[in-house]
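The structure under discussion appears below in the form of structure tokens.
Nothing here was measured: the structure is a model prediction, and the numbers come from that model. Counting starts at 1 for both ligands and their atoms, in listed order. Hydrogens, waters and symmetry mates play no part in the numbers below; they use all other heavy atoms, side chains included.
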Amino acid sequence: MAKPKKSAIILDGKALAEKIKLALRKEIIKLPSPPGLAAILVGDDEASKIYLRLKKKAAQEIGINFHEYLCGNDCCPNVPEEELLTMVGFLNNDPATSGIIVQLPLPKKFNTKKIIGAIDPQKDVDGFHPQNKTGIIPPTIAAVIELLKTTGENLPGKNTLIIGKSDIFTRGLKKHLMAELKIKKIKETKEITAGTKDSDIIVIAIGEAEALKKNHIKPGAIIIDVGINKVKDKTVGDVDPKAAEIAGWLSPVPGGVGPLTVACLLRNVLALAKK
Ligand code: GUN
């Protein structure tokens, strides 16, 4: 009889997100007024529209007032940068707005650094502002941390590898994994290499569909998949699902980091609203 294939424990980000949202809902109904989340979307990027819709639905489910400021083909196309800065300035001063998102990427003509830098750090729910002293952790990073915690494994001594194209993401993740989970040995790389097989934990965000294969993985490793890729009409991650035959833990796509990122964003909104 063939030996049954081993299978990784699936890290259910969706279920954990629902748990976090329920806890937030319970806190929000006790507040004298609901928190407000303002989201600015410039352009007609389809993926950004989908992300924003998910954020809106989740915010409304738990009693956060969600306001969209959409500058695309349907309304106010070709918005000048000055106008965007004025909009951010207005929201900075609006007492009903607890948190501000500028959905990225912005169209190329905009100076993203300047616009993100114009957000009041006290309302920066994405944790993108260079002077972020609020203790806010960027939601995607917070989601990775939550998933790692649910393994219940002894994390600090684990060889950890972050595979990511964006330096801002990999640097930020490394900093927070050290601070929040006390992980000491963390390497960053831009691509999958022979070294991936030595890692006890791999976090991957390279935007390449199912690129991390089971032969890249150490048996029993914890694999967190931050990738979101469209293949035909299907959403897939950066990890081949067959990796589950080797890994000890695996976060799925969809249903892993994605929904948890939204829940962590809303947690940031409540934290800043309470300040
Ligand atoms: N675009 C992709 N991810 C994010 C995010 O976490 N925040 C914002 N503002 N834009 C994004």
Atom 3 (N) of ligand 1: protein heavy atom closer than 4.0 Å? no
Considering only non-hydrogen protein atoms, determine which one is nearest to atom 11 (C) of ligand 1 and report residue, atom name and distance to 0.1 Å. Gln103 NE2, 3.4 Å
Mind checking whether Cys71 and Met87 have side chains closer than 4.5 Å, heavy atoms only? yes
Who's the nearest protein heavy-atom neighbour of atom 10 (N) of ligand 1, and how far? Leu104 N, 3.0 Å
Side-chain donor-acceptor pair under 3.5 Å between Lys230 and Thr235, yes or no? yes
Side chain, backbone, both or neither: which part of Val102 has a heavy atom under 4.0 Å from ligand 1? backbone
Which one holds for Asp126 and ligand 1: side chain close, backbone close, both close, or neither close, with close meaning a heavy atom under 4.0 Å? side chain
Less than 4.0 Å between a side-chain N and a carboxylate O, is that true for Glu180 and Lys149? no
Go through ligand 1 atom by atom and flag the ones less than 4.0 Å from a non-hydrogen atom of Ile101. 9 (N)
Strictly below 4.0 Å, N to O, side chains only: are Glu61 and Lys57 in salt-bridge contact? yes
Which atom pair, heavy atoms only, marks the closest approach of Ser48 to Leu41? CB-CD1, 3.6 Å
